[in-house]
2 protein chains.
Amino acid sequence: MERLPKRQRHQELSRLIEENPFLTDRELTRLLKVSIQTIRLDRLELAIPELRERLKMMAERSYDPVRSLPLHEVIGEIVDLQLDKSGISLFEIREEHVFSRSGIARGHHVFAQANSLAVAVINDEIALTASADIRFIRPARLGEKCIAKAYVRSSGSQKGKAKVEVFTYVGDEMVFQGNFVVYRSRAAGGMESEGGDARENRD
Amino acid sequence: MERLPKRQRHQELSRLIEENPFLTDRELTRLLKVSIQTIRLDRLELAIPELRERLKMMAERSYDPVRSLPLHEVIGEIVDLQLDKSGISLFEIREEHVFSRSGIARGHHVFAQANSLAVAVINDEIALTASADIRFIRPARLGEKCIAKAYVRSSGSQKGKAKVEVFTYVGDEMVFQGNFVVYRSRAAGGMESEGGDARENRD
DNA sequence: TTCATATTGATACCTGGTGCCAAATATGGA
DNA sequence: TCCATATTTGGCACCAGGTATCAATATGAA
């Protein structure tokens, strides 16, 4: 029965569309040397939508305000949080975080994870980084999972500044260490801000 | 002649499509209470492409590997660069960078601009942030344009560590100040990396 | 009224498909 | 070899969301 050619074509078709979603069925006929009906049967079996649907999905994804604003979110996934005490977050170094030629993470991403966590761990309506003293112990590389641990060293309880120490590890190797001073305020005091902010660090 | 209704409709049409590019002409007829031909004449005059073209453009923009990985790029636009001496970059605080309730920029974005610039200003194949001592003088707010100025204080010429001082201003107010220590290396020395990286900070 | 601009209608045609049915063409096994 | 099944191809009607073009009406100002 030799089903392989068909399966191979399916693989090839999937690959082609994945690497260039802008291909029409007609263009695919030229690439795969089969009729346009076959292409369409194949797409049907593989549940690959037509060109226009693919473009629409891409447009929607890029238009989705949540997805299109990844920077807005807390960097890293917070897996443990004891307010005013400690917190842990995970962050995987992906393609978009590294220098492409070396696979080493750009420093601000590692910093962003630590900073997000330092702010999140403070139990107050407003929490803003005031200053930080940081060290990149060794580079974090593509694919590595960074575990950041934050400890509140002096909270000042209700107002003023809190000191938060953050250590980031890959496995048992420390890659980053930082001492953060975080402004905290329940009302519109401290710095020049108003509105509750600390809460949105926990979303 | 009362041309206003037409111009108003044009304005309204532009606004509607801008805020929802997924509208078909037929949906627009319902919103603007004119015939579909009028909608199409209007689009023609305003040079607004048809729905499918709009979706395709959006898909292409989001598919562009450079644009689709905004985190990968240097944060901020580098407007002046004298290698091993100084550099200036611009960065506008946008919706996606702030705490939504207060409109204050998350610290790591301001840091990212400074860090990107500190690394970019180093004229070497590899440049990685080793440590930094930073202060957030006052919060940067939505809509503000941050101007970061970096000065290389001690370059160590060929290898080792360089000190870079970065000051970020909004207008003439300083919002951030940081002292960066940047590893530099032409070969695979210094830290544990290889491959040329400094070059890609200038792309 | 008359003239110019705006708007609407109508029709043919386009791309990139879907859906369905039938025919042609492998392909493999008894 | 022949048959059954799988696979591929062809053909036709139809669809959305348009473009292009020509004609028919408003509408409003001089």
Side-chain angles (χ1 to χ4, degrees), chain A residues 1-69, chain B residues 1-70 95:
Chain A
M1 203 74 62
E2 203 206 305
R3 274 204 182 82
L4 283 187
K6 184 176 180 178
R7 297 205 177 152
Q8 278 175 10
R9 193 183 59 237
H10 280 192
Q11 284 223 335
E12 191 68 0
L13 181 68
S14 303
R15 196 185 59 74
L16 283 168
I17 290 184
E18 184 154 6
E19 88 178 18
N20 181 7
F22 298 86
L23 289 170
T24 65
D25 287 357
R26 199 161 302 280
E27 289 168 325
L28 287 164
T29 64
R30 287 198 289 273
L31 294 169
L32 293 175
K33 314 283 186 198
V34 288
S35 74
I36 202 161
Q37 288 87 346
T38 301
I39 296 291
R40 288 171 178 171
L41 279 175
D42 287 354
R43 276 200 301 98
L44 199 69
E45 292 177 47
L46 295 168
I48 296 172
E50 62 170 290
L51 168 64
R52 287 161 178 171
E53 284 306 309
R54 296 197 299 270
L55 297 186
K56 192 177 177 187
M57 286 164 62
M58 293 171 71
E60 276 167 347
R61 201 172 52 233
S62 82
Y63 194 70
D64 179 347
V66 177
R67 281 194 57 103
S68 67
L69 302 178
Chain B
M1 205 75 60
E2 206 206 302
R3 274 206 181 82
L4 283 186
K6 184 176 179 177
R7 298 209 176 151
Q8 279 175 9
R9 193 184 58 237
H10 279 192
Q11 285 225 334
E12 190 68 2
L13 181 69
S14 303
R15 195 186 60 73
L16 283 168
I17 290 184
E18 183 152 7
E19 90 179 15
N20 181 7
F22 298 85
L23 289 170
T24 65
D25 287 358
R26 199 162 304 279
E27 289 167 324
L28 288 164
T29 63
R30 289 198 288 273
L31 294 169
L32 294 175
K33 313 282 186 197
V34 287
S35 74
I36 201 161
Q37 287 86 346
T38 302
I39 297 290
R40 287 170 178 173
L41 279 175
D42 287 356
R43 276 200 300 99
L44 198 68
E45 291 177 48
L46 294 167
I48 296 172
E50 63 170 286
L51 169 64
R52 288 162 176 171
E53 285 306 308
R54 296 197 301 269
L55 297 186
K56 191 177 176 186
M57 285 165 62
M58 293 171 69
E60 276 167 348
R61 203 172 49 235
S62 82
Y63 192 68
D64 179 345
V66 176
R67 286 194 59 104
S68 68
L69 300 178
E95 198 63 57

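Computed from a predicted structure; not experimentally measured. For the numbers below, each heavy atom of this structure counts, side chains included, while hydrogens, waters and symmetry mates do not. Every chain is numbered from 1 and lettered A, B, ... according to where its sequence line falls, protein lines coming before strand lines.
Atom CG of A:Leu51 is separated from atom P of D:dG18 by 15 Å (rounded to the nearest Å). Protein atom CZ of B:Arg43 is 7 Å distant from nucleotide atom C1' of D:dG18, rounded to whole Å. B:Glu53 has its CD atom 13 Å from the P atom of C:dT15, to the nearest Å. Regarding B:His10, its NE2 atom lies at a distance of 11 Å from the C1' atom of C:dT7, rounded to whole Å. Rounded to whole Å, the distance from CD on B:Gln37 to C1' on C:dT7 is 9 Å. In this structure, A:Arg7 places its CZ atom 13 Å from C1' of D:dT7, rounding to the nearest Å. Between A:Glu45 atom CD and C:dT18 atom C1' the separation is 16 Å, expressed in whole Å. Rounded to whole angstrom, the span from the CD1 atom of A:Ile39 across to the C1' atom of D:dT9 amounts to 12 Å.
When all heavy atoms are compared, the tightest approach of B:Leu23 to B:Arg54 is O-NH2, 2.5 Å. Closest heavy-atom contact between A:Met58 and A:Pro21: SD-CB, 3.9 Å.
Note on A:Glu50: only backbone sugar-phosphate atoms sit closer than 4.0 angstrom, heavy atoms only; bases stay farther off. Residue-level contact check: B:Arg54 touches neither bases nor backbone, having no heavy atom under 4.0 Å from any strand. Contacts of A:Leu41 with the nucleic acid, taken as non-hydrogen atoms under 4.0 Å apart, include base atoms. Using a 4.0 Å heavy-atom criterion, one finds that A:Arg26 contacts no nucleic acid atom at all.
The number of heavy atoms from other shown groups lying within 6.0 Å of CD (A:Glu18) does not exceed 12. Shown here is A:Gln11, whose CD atom has no more than 12 heavy atoms of other residues, nucleotides or ligands within 6.0 Å.
Listed candidates were D:dG18, C:dT8, D:dT9. Nearest to the side chain of B:Val34 is C:dT8. The A:Arg40 side chain lies nearest to C:dG17 when the options are C:dG17, C:dT8, D:dT9. The A:Asp25 side chain lies nearest to C:dG17 when the options are C:dT15, C:dT7, C:dG17. Which of C:dG17, D:dT7, D:dG17 sits closest to the side chain of A:Lys6 comes down to D:dT7.
A donor-acceptor contact under 3.5 angstrom links the side-chain atoms of B:Arg52 to the base of D:dG17.
Here A:Ser35 does not reach the OP1 or OP2 of D:dT8: none of its side-chain N or O atoms lies under 4.0 Å away. A close approach under 4.0 Å does occur between a side-chain nitrogen or oxygen of B:Arg9 and OP1 or OP2 of C:dT7. Under 4.0 angstrom from either OP1 or OP2 of D:dG17 there lies no side-chain N or O belonging to B:Thr24.
Contact annotation: the side chain of A:Glu27 never approaches that of A:Phe22 to less than 4.5 Å [non-hydrogen atoms, C-beta and beyond].
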